[in-house]
Amino acid sequence: MPIRNIPVIPTPYYQYDLGLLDNTLALASSGSSRYGFHIHYALKANYDPRILSGIREAGFGVDCVSLNEVQYALAGGFEPSTIVFAGVGKSDLEIEEALLSGILCLNIESVEELEVVGMIAARLQVKAPVVLRVNPDLPAMTHPHITTGLKVNKFGIAVARLQEALVRCKNQPWLNFLGLHFHIGSQISSQQPFEALCQAANRIWHDFDISGHGATMINLGGGLGIDYLDPVNNPIPDFEGFFKLFHDKLDLPGEISRHFELGRSLTGQCGALVTRVLYVKKGAGKRHVIVDAGMTELIRPALYGAIHLIENITTIDGAEMYDVVGPICESSDCFGKDIILPYTFRGDLLKIYSCGAYAESMSMNYNLRGTIGKVYLEGHSKSSAKVIPMTGLQRFSAVR
Ligand SMILES: *Cc1c(COP(=O)(O)O)cnc(C)c1O
């Protein structure tokens, strides 16, 4: 039988497992809908159109951080009433267009922004639906670059200025205050920061009489982490435990709708980056495996010191210690230091796991790299790529 629908593509490429995506979305959906919670997918994690269709079909809304993202979500068929818009630096144009688009709310990150939104809403004669993002000054116990809820971070309104913001909402007839927003960080891998978030939200809600100001919603943000060390055995995060924690620990009036903005936890494990070994270079005390993907396709290791599981999918023979590096002219262009792989040779394919979030969406054109291809795995298919062979190859086998 002829093999059909198998693209012949060059490496490196992203590989998206749509079956795993569907299973992940189903569990997130059942975990949240049990309590009537709403999920808005953080589009910045991955805006691949097929992933986004899955998100839409699962019934989730979208969390955007730029006007382009808002417009992309609208073009992708999401209802305006399911879209929220955050970001510390919304431009006047972004605010104006967002107000006219009829989205659910703007998440306001400073008193200064609130003032500008009020002025623009008054000029347009449009009521601005605003949610105040509060900075609760809480440690998320994750990498400093992805901690967002400490008072030294640029995000959110300091608790010390919340009263001023509430008064401004009350006095500006074009501002329609809807509630509070929190997002304390990303890749949070224990329950403790989320428990602390619930306590802070309860305290702030009661101390500032948020219900008395007419609030109807609270948004607890995202941040649920994934297992980068063992993605094979642990491909889906514990959504049930995550939502149960908020159900148990939030102490707010029942009619206040609860919203979450999950990014990484929904798409992170469904993606991989497949890359080919160009050279195995022996230097002083080191063996460098130089691959054809770089920080331009996956910047997390260079940016956050992130760890991704790397597997040689061509061979399983032997064991040797290597540094796996990309071709980019930066020393931080390194995917793994002192990792154990089978004896690895030019032409072997390596699979870098957990690249479904903050990989393709953070890719860049440094070194004029251009964009790379992608492959979708559907249902139970194990492999759908036939990789273009390379020159002078001593050893090569197709994707397994
Ligand atoms: C990035 C972001 C999220 C999503 O974070 P994850 O860690 O991917 O779940 C949610 N809310 C806001 C405001 C964000 O900026």
Side-chain angles (χ1 to χ4, degrees), residues 21 24-25 28 31-32 37-48 51-52 55 60-70 73 82-90 94 98 103-110 113 130-136 138 140-150 153-157 179-190 193-194 197 201 217-228 236-239 242-243 246 258-271 299-300 303-304 306 354-362:
L21 177 70
T24 307
L25 297 179
S32 58
F37 294 168
H38 303 270
I39 296 179
H40 305 267
Y41 169 60
L43 184 59
K44 70 180 190 289
N46 191 322
Y47 46 83
D48 173 83
I51 289 181
L52 203 57
I55 300 279
F60 302 157
V62 186
D63 162 43
C64 299
V65 289
S66 72
L67 177 66
N68 281 350
E69 283 195 353
V70 171
T82 67
I83 297 175
V84 303
F85 181 17
V88 292
K90 301 180 195 75
E94 289 184 306
I103 58 173
L104 177 60
C105 60
L106 278 72
N107 293 339
I108 303 294
E109 306 242 8
S110 63
E113 180 191 349
V130 297
V131 167
L132 302 179
R133 176 170 181 177
V134 179
N135 183 322
L138 284 178
M141 302 201 292
T142 180
H143 190 274
H145 292 181
I146 48 178
T147 292
T148 57
L150 287 174
N153 297 135
K154 66 180 176 179
F155 300 97
I157 298 170
L180 298 185
H181 173 223
F182 301 86
H183 173 64
I184 57 171
S186 200
Q187 185 50 21
I188 297 172
S189 41
S190 79
F194 293 124
L197 169 60
M217 65 181 274
I218 185 166
N219 183 336
L220 287 314
L224 176 61
I226 61 172
D227 192 344
Y228 282 99
I236 301 182
D238 178 15
F239 293 111
F242 176 76
F243 291 117
F246 284 94
R258 274 87 160 153
H259 299 251
F260 294 86
E261 302 165 332
L262 300 178
R264 186 192 313 272
S265 53
L266 295 179
T267 62
Q269 299 290 34
C270 85
I299 200 177
R300 301 188 63 261
L303 194 59
Y304 315 125
S354 313
C355 290
Y358 307 113
E360 187 182 1
S361 66
M362 282 185 157

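Atoms within each ligand, like the ligands themselves, are counted from 1 in listed order.
When all heavy atoms are compared, the tightest approach of A73 to C64 is CB-SG, 4.4 Å.
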Protein N/O near ligand 1 N/O, under 3.5 Å, which pairs?
from, atom 1, to, atom 2, distance (Å)
ligand 1, 7 (O), S186, OG, 2.3
ligand 1, 7 (O), G223, N, 3.4
ligand 1, 8 (O), R264, N, 2.8
ligand 1, 8 (O), Y358, OH, 2.6
ligand 1, 9 (O), G223, N, 2.9
ligand 1, 9 (O), G263, N, 3.0
ligand 1, 11 (N), D63, OD2, 3.2
ligand 1, 11 (N), E261, OE1, 2.6
ligand 1, 15 (O), K44, NZ, 2.7

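Evaluation of the salt bridge (charged side-chain N to carboxylate O under 4.0 Å, His left out) rule for R264 yields no partner, not counting sequence neighbours. Residues satisfying the side chain to side chain donor-acceptor pair (under 3.5 Å) test with N135, not counting sequence neighbours, are none. Partners of A359 under the side chain to side chain contact (heavy atoms under 4.5 Å, CB included) rule, at least two apart in sequence or in another chain, are Y14, L298, C355.
Without hydrogens or angle criteria, N46 side chain to D48 main chain gives a donor-acceptor distance under 3.5 Å.
Salt bridge K90/E113: present, at least one basic N to carboxylate O contact under 4.0 Å.
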